[in-house]
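Just so we're on the same page: letters track the sequence lines, and every chain starts at 1. Everything quoted here is computed from the prediction, not taken from an experiment.
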Amino acid sequence: MHDIKAIAKDRDGFVKGLTRRGLADAGALADSLLEQDKVLRDVLTRLQIQQARRNDASKLIGQAKQNKDEVLAKTLLDEVAGLKDEIQKGEAQQRELEEGLRQALAVVPNIPAADVPEGADERANVPVASRAFGTHPGINAPKQHFEIGEALGQMDFERAAKVSGARFVYLKGDLAKLERAIAAFMLDTHTEKFGYTEVSPPVLVRDQAMFGTGQLPKFEEDLFSTKASEEFIGPEEATVRLDSMTGAVAVEFKGSRAADLQKSFKGRFFLNRPVAAGSTLNNIFPVIENSFWLIPTAEVPLTNYVSGEILNEAELPLRMTAYTPCFRAEAGSAGRDTRGMIRMHQFSKVELVSITTPEQSPAEHERMTDAAQEILKKLDLAHRVVTLCTGDMGFGAQKTYDIEVWLPGQNTYREISSCSNCGPFQARRMNTRFRNAEGKVAGAVHTLNGSGLAVGRTLVAILENYQQADGSVAIPSVLQPYMGGKTQISKF
RNA sequence: GGACAGGUGGCCGAGUGGUUUAAGGCAGCGGUCUUGAAAACCGCCGUGGGUGAAAGCUCACCGUGAGUUCGAAUCUCACCCUGUCCGCCA
C-alpha cells in the first residue's frame, strides 16, 4: 500500500514508477488519489474546528451544571444545538472518504526499484551472470519426472485425480520420504547456516492477513477458502429487492455490522419458497459465509507474524523459515503444465521471510537469494538467476530474483524460487513499524520473502537430473543422511 | 458448542456520564546532589492525523465497529480476542 503523503510529495516518481510497470494511465490515477485526499483533508479541517468548539462548550456546560447555573447551561446548550448534527454528518463523510481512499490505494501495485529492468513480460527478464551455477548433466534421452516417478511406482496421478481431481498427486515409498528429506535438509541449512528461526505457522488465515501481504483484495480468485460457518441474515439487517423489469436482485445491509456483512456476502441466498417479481421479499435471505483462507504460501503467516506491531531496531532483522503446504486455485492456468508435479493445487514449500530496516533490505535481499541458491548448490543442480522485469513482478514486490533450475527432461529452466524485496509496501498494509536506537518510531519496516525452495519442484529437479539409464534415481549425497543412508531410489 | 469472567499507555494498575488534558506505580531518558555509583529529589516519557516556515494550536484513539448524549474509558447493541469451568475432540 502506498502512502498518500509520499505520493503528494513525489507525484512524478509515483507516476513514473507505475508507468514503468506498464500502467497506462498512472497520471490520471495519481491525480484522482490526490484529489480524494484533498477532499478528505478539507472535510477533516472543517470537522475538527466544529469538534473543538463542541469540546469547549461541553466543558463549560459541565462547569455550569456543577455550579447550578442552569441559565448559563441552557444558553450554551442552545449554542451548540446545531453542531451535533453537523459533526455527525462530517464524521460519516470522513469515514466514507477514508474508506474510499483506502480501497483505491489497496489495489495499486508497488513501485519497482530503480535497478529493475523495464519490460512487459518474462522475455524482458535479465539474467544475473554472477549467480549462474553448474553445467547441464549429459543424460542420454532424458525422461520427464512423471515418467520416472510413475515407472518407479511411487508417483500416482490417476488415483489422486480419483480422490481430489486434477493437479494433485500421491507420492509413495522412497519418493514420499524424499520429499520429507528435502524439506528437512532445507530447514536445517537455513537455520544452521543462515540464522533463520524455524516456525510452524497456521495455514488457515483471516482476510486481514491476506490483505497485509497483498493477496487480497485483488487476487481472491487465486485462493482457496474454507467455509467455517454460514448465517442467514434476516430483515432487520438486510433488505432484498427484486427488480420487476430485469429480475435483478439487490441487497442492502443495514445496522451496526452492515459493512462486515457486505464484505462477507458472496451473492448466495436462502429461499424458503419460490418468489415472484415484486416489491416485498420476506422469504428470501442473504447468506453470509464466514471463512478462512488457505495460504498460497507461508509468506502470509510468517510476514503477518509482526502485523500491527512496533518492533525495536535492535531485534532486526527478524528471519523466519517454515515448511508448509501451499494451496493455489490456479485460476487462469487451465491447460498449462497439466502433466506432472510442476503446477499443483497443493504443494509444499520451505519459505524464507525477513523483516528489516530500509537500510538493510537490499543487502538482505541478496543474502536471502544466497540462502535459496545454497540449497541448489549443495544438491549440485544447475540453475540460473534472473532479475524480473517491471512487467513480470508480483503485485507487492519492488524487486524480485527468480531462481530457475535446469530440468533435462523438459530441456528448459523452470522457476524453483522467487525472492522479493517488498520494501515498506506490505508493512504499511499490516501497519508494522520499528523504533530506532533513539526510541523514535522511524516508519514502516521492510519485508522480504523467498522460496527456499519449492519442495515439489526440487523433487522434480532431482528426479530429472539424477535419473539413471536403468530407471533408478541417484540420491544427492547431502540428502543421503536424511534417507537412512540410501544412495538410490529404485523400483523395489 | 454451553456457562461465567475479563480486554485501559512498553509493563502493572485506578477510573460507573462533566476541570480526565487517563490517577498512581514500575521500566526508560535527562538533570540536581556525589570523587564515582546507589539512594533521594526534580523534570521528561504513547500512536496517528489536520494546520503551520517553525514554535505552536488542534482532532481522534481506553479490544473493534456502530449508537445514545451538549458531553462517553464509563451507558446500549453487534463483533473479535483472552482466561476459567463443562461438553466434544487429534
Original post:
From the list B/G50, B/G18, B/U68, which nucleotide is the closest neighbour of the side chain of A/Arg41?
Top reply: B/G50

**OP:** Have a look at A/Arg95 and say if it touches a base, only the backbone sugar-phosphate, or nothing, with a 4.0 Å heavy-atom cut-off.
**Re:** sugar-phosphate

**OP:** Select base, sugar-phosphate, or nothing to describe what A/Lys5 touches, counting heavy atoms under 4.0 Å on all strands.
**Re:** sugar-phosphate

Subject >> Side chain proximity check, A/Tyr170 to A/Val163, heavy atoms < 4.5 angstrom >> reply: yes

**OP:** Tell me what A/Ala52 touches on the nucleic acid: a base, only sugar-phosphate, or nothing, going by heavy atoms under 4.0 Å.
**Re:** sugar-phosphate

Subject >> Side chain of A/Ile61 (C-beta onward), nearest among B/G49, B/U21, B/C70 >> reply: B/C70

Subject >> Side-chain N,O (A/Arg53) to OP1/OP2 (B/G71) below 4.0 Å >> reply: no

Subject >> Test: A/Glu330 and A/Arg167 ion pair at under 4.0 Å >> reply: no

Original post:
Expressed as a whole number of Å, how far does the C1' atom of B/G46 sit from that of B/C11?
Top reply: 13 Å

Subject >> C1' spacing across the pair B/C70 / B/U84, given as an integer number of angstrom >> reply: 43 Å

Original post:
Can you find a side chain N or O atom of A/Gln88 that sits less than 4.0 Å from OP1 or OP2 on B/U68?
Top reply: yes

**OP:** Could you please name the partner base of B/C29, counting Watson-Crick and G-U wobble pairs only when both distances are under 3.5 Å?
**Re:** B/G43

**OP:** Using the C1' atom as the reference point in each nucleotide, state the distance between B/C86 and B/G9 in Å, no decimals.
**Re:** 37 Å

Original post:
Within the structure, does a side-chain N or O atom of A/Lys59 lie under 4.0 Å from either OP1 or OP2 of B/G18?
Top reply: no

Subject >> Heavy-atom donor-acceptor pair, A/Gln48 side-chain to B/G49 base, under 3.5 Å >> reply: yes

Subject >> Pairing partner of B/C81 (Watson-Crick or G-U wobble, both distances under 3.5 Å) >> reply: B/G6

What side-chain donor-acceptor pairs closer than 3.5 Å can you find for residues 44-53 of chain A, not counting sequence neighbours?
| unit_1 | atom_1 | unit_2 | atom_2 | d |
| --- | --- | --- | --- | --- |
| A/Thr45 | OG1 | A/Arg41 | O | 2.8 |
| A/Gln50 | NE2 | A/Glu86 | OE1 | 2.7 |
| A/Gln51 | NE2 | A/Glu91 | OE2 | 3.4 |

**OP:** Look through every strand shown and name the nucleotide pairing with B/A72 as Watson-Crick or G-U wobble, where both distances are under 3.5 Å.
**Re:** none

Original post:
So what does A/Arg206 touch, heavy atoms closer than 4.0 Å: a base, only the sugar-phosphate, or nothing?
Top reply: sugar-phosphate

Original post:
So, A/Lys38 and A/Glu35, do they make that salt bridge, N to O below 4.0 Å?
Top reply: no

Original post:
Would you call A/Asp37 and A/Lys5 a salt bridge, taking side-chain N to carboxylate O under 4.0 Å as the test?
Top reply: no

Subject >> Proximal nucleotide (of B/G71, B/U47, B/G50) relative to the A/Ser58 side chain >> reply: B/G71

Original post:
Looking at residues at least two apart in the chain, or sitting in another chain, which of them share a salt bridge (charged side-chain N to carboxylate O under 4.0 Å, His left out) with A/Glu299?
Top reply: none

Original post:
Paired with B/U19: which nucleotide, if any, by Watson-Crick or G-U wobble criteria at under 3.5 Å for both distances?
Top reply: none

**OP:** Would you indicate, yes or no, if B/A60 has its OP1 or OP2 atom less than 4.0 angstrom from a side-chain nitrogen or oxygen of A/Asn55?
**Re:** yes

**OP:** Would you classify A/Gln51 as touching base, sugar-phosphate or nothing, given that sugar-phosphate means primed atoms plus P, OP1 and OP2, and contacts are heavy atoms under 4.0 Å?
**Re:** sugar-phosphate

Original post:
Hey, does A/Asp78 reach any base, or is it just sugar-phosphate, or nothing, if we go heavy atoms under 4.0 Å?
Top reply: nothing

